[in-house]
Structure formats: C-alpha cells, structure tokens
Amino acid sequence: MRLGASIRVLPLLTPLVVLGPLACNRAEAEGPPPSPDAVAGAEAEAVFNQRCVACHGTAGKGNGTVASALGVTPRDYTNREWQARVSDEDLRVVILRGGKSTGKSDYMPPNPDLESKPRVVAALVAKVRGFGK
Ligand code: HEC
C-alpha cells in the first residue's frame with residue numbers, strides 16, 4: 001500500500017527535480033544583486049518623479065505643471081552659474097529641510113523621511129547636478 005502511494009507521488013516530484021536546477025541557473029544568469037548605490041539611484045529617480053517633477057519639471061528647468069501657480073519660480077537647474085555657486089551640502093539641506101530652512105520659499109517642501117536614506121539624498125543631489133551638465 002505504502003509503496004503504491006509513493007509511486008503515485010513520484011511523477012509529481014519529477015518536474016521539481018528537473019526544473020529546480022534550471023530555476024537556479026536562471027537566477028545566476030541575471031547576475032549579482034544590484035549595488036546599494038544602484039538601488040538608491042533607482043529610488044531617487046522614483047522620488048524625483050513622484051515628488052519633485054510637478055514643480056521642478058522633468059528637465060529640471062523649474063517649469064513643472066504647478067510651477068506657474070506658485071508665484072515663486074523654482075530654480076532652473078540647467079543654469080551653470082547657479083550650479084557653480086551652490087554646494088552639495090546646500091542642496092542636501094534644502095531637500096531634507098525644505099526652502100524655509102535656508103530662507104528660501106516655503107513652497108519647497110521638506111522631505112524628513114529621507115533623513116534615514118543618505119544614499120537616496122546623495123542620488124537626488126547628483127540628479128540636480130546632472131541637469132547642469
Ligand atoms: C510645491 C513645489 C515644489 C516641490 C514639490 C519641490 N520643490 Fe524644490 N523648490 C521649489 C521652489 C519654489 C524652490 C525655490 C525656492 C526659492 O528660490 O526661494 C525650490 C528649491 C529647491 C532647491 C534649492 C535651489 C536653490 O536655489 O538653491 C532644491 C535643491 C530643490 N528645490 C529640490 C527639490 C527636490 C529634490 C524635490 C523633490 C524631492 C523638490 N525640490 C520638490 C518648489 C518645489
């Protein structure tokens with residue numbers, strides 16, 4: 001009786017035995033997991049699109065869809081003079097604590113949830129820098 005049961009189960013197990021190693025090979029083919037910087041870069045990209053583009057625009061020119069309604073025009077990030085004047089630390093502080101913290105417009109909102117994600121903030125700063133290149 002017992003033997004009969006295991007024989008009946010056998011065909012069900014066979015695909016697992018055959019396909020199991022194939023599944024492992026597939027994972028290997030996809031390469032090693034992405035680096036922490038790559039993960040942070042992807043998150044920064046998502047954050048920028050979700051939280052910043054409405055005001056700063058997809059090309060960082062300060063002409064997002066709601067920018068004209070603000071009364072204060074966000075900076076044109078492609079302006080190289082401004083890029084040369086401002087430090088990475090200035091950008092970091094404004095992004096985390098908002099415009100008001102540095103005497104700029106209150107419309108620039110703080111992003112306190114990013115305090116615990118320095119790599120994402122660094123990637124956002126790099127993104128802002130990238131518009132000026
Ligand atoms: C509601 C509109 C709005 C949103 C959303 C917004 N900003 Fe801003 N931001 C502004 C405005 C307006 C200023 C200009 C403030 C000033 O010059 O007084 C500004 C200024 C800045 C500055 C400083 C520029 C300078 O002159 O030194 C940085 C950096 C910046 N924003 C980055 C971001 C990032 C990154 C995000 C998304 C996480 C974001 N902003 C979201 C409106 C916005």
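Numbering of ligands and ligand atoms starts at 1, following listing order. Only a predicted model underlies this, so the values are computations on that prediction, with no experimental measurement involved.
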Point-to-point distance, once rounded to the nearest 0.5 Å, from CG of L124 to CG of L114: 6.5 Å
Parallel, tilted or perpendicular, as decided by the 30° and 60° cut-offs, for the rings of H56 and F48: tilted
R51 with D113: basic N within carboxylate O range, under 4.0 Å: yes
Donor-acceptor pair, side chain of N111 and main chain of I95, under 3.5 angstrom: yes
Contact check, L91 vs ligand 1, heavy-atom distance below 4.0 Å: yes
Region of A67 that comes within reach of ligand 1 [heavy atoms, distance under 4.0 Å]: neither
Within reach of ligand 1, part of T102 (heavy-atom separation under 4.0 Å): neither
N/O/S from C55 sitting under 2.8 Å away from atom 8 (Fe) of ligand 1: no
Shortest protein heavy-atom distance from atom 14 (C) of ligand 1, along with the residue and atom involved: P74 CA, 4.1 Å
For atom 18 (O) of ligand 1, closest protein heavy-atom neighbour: S105 N, 2.6 Å
G99 to ligand 1, any heavy atom closer than 4.0 Å: no
R119 side, atom CZ; S35 side, atom OG - distance, nearest 0.5 Å: 8.0 Å
Protein heavy-atom partner closest to atom 28 (C) of ligand 1 - residue, atom, separation in Å: Y77 OH, 3.4 Å
For atom 8 (Fe) of ligand 1, the option (of H56, K127, K104, Q83) bearing the nearest heavy atom: H56
Shortest non-hydrogen separation from T73 to G62 and the atoms involved: CG2-O, 3.9 Å
Element-labelled atoms of ligand 1 that are located less than 4.0 Å from some non-hydrogen atom of I95: 32 (C), 35 (C)
contact_flag V128 ligand 1 heavy-atom lt 4.0 Å: no
Shortest protein heavy-atom distance from atom 22 (C) of ligand 1, along with the residue and atom involved: V94 CG1, 3.6 Å
Close-contact set for ligand 1 against R51 heavy atoms, below 4.0 Å: 4 (C), 5 (C), 37 (C), 41 (C)
From CZ (R75) to NZ (K61), nearest 0.5 Å: 13.5 Å
Value rounded to 0.5 Å, distance of OH in Y107 from CG in L70: 6.0 Å
Atom 36 (C) of ligand 1 - nearest protein heavy atom and its distance: C52 SG, 2.7 Å
Backbone or side-chain N/O/S of M108 under 2.8 Å of atom 8 (Fe) of ligand 1: yes
N/O donor-acceptor pair under 3.5 Å between R92 side chain and V125 backbone: no
Nearest-0.5 Å distance, CZ of residue R129 to CD of residue Q83: 5.0 Å
Protein residue, atom and distance nearest to atom 26 (O) of ligand 1, heavy-atom basis: R75 NE, 2.8 Å
Test item: D90 side-chain N/O and S87 main-chain N/O as donor-acceptor pair under 3.5 Å: yes
Nearest-neighbour protein heavy atom for atom 24 (C) of ligand 1, which is reported as residue plus atom name and distance: W82 CZ2, 3.6 Å
